[in-house]
Amino acid sequence: MMKVLVINCGSSSLKYQLIDMETESVLAKGLCERIGIDGSRLKHTPAGKDTVVLEEVMPDHNKAVQMVLDALTDSEYGVISNMQEIGAVGHRVVHGGEAFSGSVLITDDVIKAMEECSELAPLHNPANLIGIRACQKLMPDTPMVGVFDTAFHQTMPEEAYLYGIPYEYYTKYKVRRYGFHGTSHRYVSQRVAAVLGKPIEDLKIIVCHLGNGASVCAVDGGKSVDTSMGLTPLEGLIMGTRSGDIDPAIMQYIMHKENLDIDQMMDVLNKKSGILGISGISSDFREVESGCEAGNPDAIRANNAFVYHVVKYIGSYAAAMNGLDAIAFTAGLGENNGKVRAQICSYFGFLGLTVDPERNAVRGVETIISTEDSKVKALLIPTDEELMIARDTVEICR
Ligand code: ADP
């Protein structure tokens with residue numbers, strides 16, 4: 001069994017984990033920040049040891065990957081003796097369009113297909129590709145695997161992925177719902193089945209991935225049948241700074257009133273809306289949580305609107321699946337905020353869901369948070385996208 005390097009590359013950042021797949025344990029993880037910007041640095045954390053911060057100029061991603069490899073093989077804070085110990089690299093790729101319904105070995109043809117998807121995710125895919133090329137350059141003989149955020153949702157039926165707009169926009173431009181966070185939804189739904197001790201084929205699960213970006217996914221028999229994010233990650237729930245669902249006519253109205261162009265309007269919807277926009281406090285839910293505790297009406301308003309939107313999606317997905325066995329909560333907010341979990345679940349008493357306050361008083365631990373006799377189960381499942389990427393990588397390189 002091999003060691004797998006998992007890479008998640010953004011336009012100015014690169015996150016990594018080196019995972020020993022024999023034990024599925026993380027040997028080291030870290031983050032390169034401000035690549036191509038002043039003040040770039042690498043934060044490297046070997047398992048069980050202190051984080052090392054290396055401040056060095058990183059003009060591009062090649063230098064960042066080189067620094068990661070140097071850190072991993074360093075005599076002091078490294079965790080392997082040489083690069084050859086890395087059996088394969090798994091890359092997170094945001095958009096796989098309709099070309100990828102699963103993870104793949106990266107070849108020249110795959111890179112070409114990824115480039116074609118870049119138009120659909122201009123902020124993310126080009127950065128993912130830069131990371132892949134940088135790794136290929138420094139590790140030319142190591143197999144690389146691409147794992148797509150959209151792939152899990154390719155099982156959605158047509159009625160779920162089509163928008164109510166002229167069909168030719170789909171046939172000509174591939175405008176449809178793709179969905180994101182697929183690796184997380186897949187991992188969490190598999191863990192739900194394992195924790196409940198039932199085959200996933202027999203379960204109807206709704207996964208609530210509630211982080212800065214947030215999405216809900218209906219998983220029927222292990223397959224995604226609907227999800228709240230769409231062509232882009234802007235659709236669906238109210239998020240940290242993203243609006244989620246709105247009436248598209250709002251854009252025209254506000255653009256006239258505030259004299260904005262479309263880029264400025266998109267900027268408002270992506271960066272100034274959501275929890276931040278409604279509360280005026282912060283995009284970080286921790287601050288909204290303490291605001292709620294202090295009785296701040298702006299915080300309470302944002303909290304309640306967020307919860308209500310999650311509830312609406314859960315209700316509609318229970319209908320879409322014609323039933324529901326379990327709701328799972330994951331990501332920063334889902335794993336840490338018991339109050340929000342309880343508030344969301346409180347709407348589903350009519351389905352026979354009851355939360356056990358004692359069981360729900362946990363953070364970041366796999367737990368069934370519903371009562372023993374609850375008909376629909378509620379669970380907290382910490383997500384692990386890196387492990388899922390590493391498992392796919394091993395599977396494909398076997
Ligand atoms: P992303 O990966 O999408 O950037 P995360 O999954 O890290 O986001 O989730 C970020 C959200 O989770 C923030 O709103 C933050 O307030 C909340 N969160 C993260 N950690 C905690 C914590 N320890 N307690 C409460 N909320 C937390």
Side-chain angles (χ1 to χ4, degrees), residues 6-17 29-31 33 43 45 92 94 121 123-124 127-128 147 149-150 179-188 191 207-217 227-229 232-244 270-294 296 298-307 309-310 328-344 360-367 369 380-389:
V6 176
I7 299 279
N8 180 354
C9 195
S11 56
S12 65
S13 70
L14 187 154
K15 286 187 214 152
Y16 64 93
Q17 283 194 7
K29 61 178 163 188
L31 164 69
E33 292 171 315
K43 289 184 190 163
T45 314
R92 175 186 181 214
V94 169
L123 294 179
H124 296 109
N128 301 153
V147 180
D149 268 19
T150 51
F180 298 87
H181 292 142
T183 310
S184 176
H185 290 302
R186 179 159 57 108
Y187 174 81
V188 171
R191 288 308 306 158
V207 180
C208 305
H209 179 111
L210 310 178
N212 275 318
S215 71
V216 184
C217 180
T227 191
S228 58
M229 282 179 170
T232 75
L234 182 55
E235 194 185 350
L237 301 176
I238 293 173
M239 307 181 212
T241 61
R242 287 177 228 155
S243 64
N270 273 305
K271 299 189 185 140
K272 296 178 185 148
S273 298
I275 293 294
L276 171 67
I278 296 179
S279 70
I281 297 173
S282 166
S283 67
D284 191 316
F285 219 90
R286 276 168 285 202
E287 290 188 41
V288 171
E289 193 183 354
S290 39
C292 288
E293 278 159 17
N296 178 336
D298 298 328
I300 293 169
R301 187 178 301 127
N303 178 87
N304 292 352
F306 174 80
V307 164
H309 279 244
V310 178
F329 296 93
T330 196
L333 178 52
E335 291 170 27
N336 289 293
N337 193 320
K339 277 192 210 117
V340 163
R341 289 193 300 264
Q343 208 185 340
I344 291 169
N360 188 38
V362 285
R363 287 169 189 269
V365 196
E366 268 188 8
T367 321
I369 59 169
L380 188 177
I381 306 280
T383 195
D384 197 339
E385 291 161 280
E386 289 79 11
L387 179 59
M388 205 68 197
I389 292 171

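The first residue of the sequence shown is numbered 1, and numbering continues consecutively from there. Each ligand, and each atom within it, is numbered from 1 in the order the structure gives.
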Atom 4 (O) of ligand 1 - nearest protein heavy atom and its distance: Asn212 ND2, 3.0 Å
Protein heavy atom at shortest distance from atom 24 (N) of ligand 1: Arg363 NH1, 3.0 Å
For atom 16 (O) of ligand 1, closest protein heavy-atom neighbour: Asp284 OD1, 2.3 Å
Heavy-atom nearest neighbour in the protein, as seen from atom 7 (O) of ligand 1, with distance rounded to 0.1 Å: Gly332 CA, 4.3 Å
Inter-residue atom distance Asn296.CG - Glu287.CD, 0.5 Å rounding: 11.0 Å
Under 3.5 Å: N/O of Gly211 near N/O of ligand 1: no
Donor on one side chain, acceptor on other, Glu335 and Thr330, under 3.5 Å: yes
Side chain, backbone, both or neither: Glu335 near ligand 1, heavy atoms under 4.0 Å: neither
pair Val340-Phe285: side-chain heavy atoms closer than 4.5 Å: yes
Spacing of Asn128 atom CG and Leu123 atom CG [to the nearest 0.5 Å]: 11.0 Å
Distance from atom 26 (N) of ligand 1 to nearest protein heavy atom, with residue and atom: Arg286 CG, 3.4 Å
Ligand 1 contacted by Gly240 (non-hydrogen, < 4.0 Å): no
Side-chain H-bond candidate by donor/acceptor type, Ser215 with His185, under 3.5 Å: yes
Value rounded to 0.5 Å, distance of NZ in Lys15 from NZ in Lys43: 11.5 Å
Glu386/Lys29 salt bridge by N-O under 4.0 Å criterion: no
Passing candidate, side chain to side chain contact (heavy atoms under 4.5 Å, CB included) with Asn8, options Arg92, Glu385, Gln17: Arg92
Options Asn336, Thr330, Ile275, ranked by nearest heavy atom to atom 22 (C) of ligand 1, top entry: Asn336
Atom 14 (O) of ligand 1: any protein heavy atom closer than 4.0 Å: yes
Sub-4.0 Å atoms of ligand 1 with respect to non-hydrogen atoms of Gly213: 3 (O)
Test of proximity, Leu333 against ligand 1: N or O pairs below 3.5 Å: yes
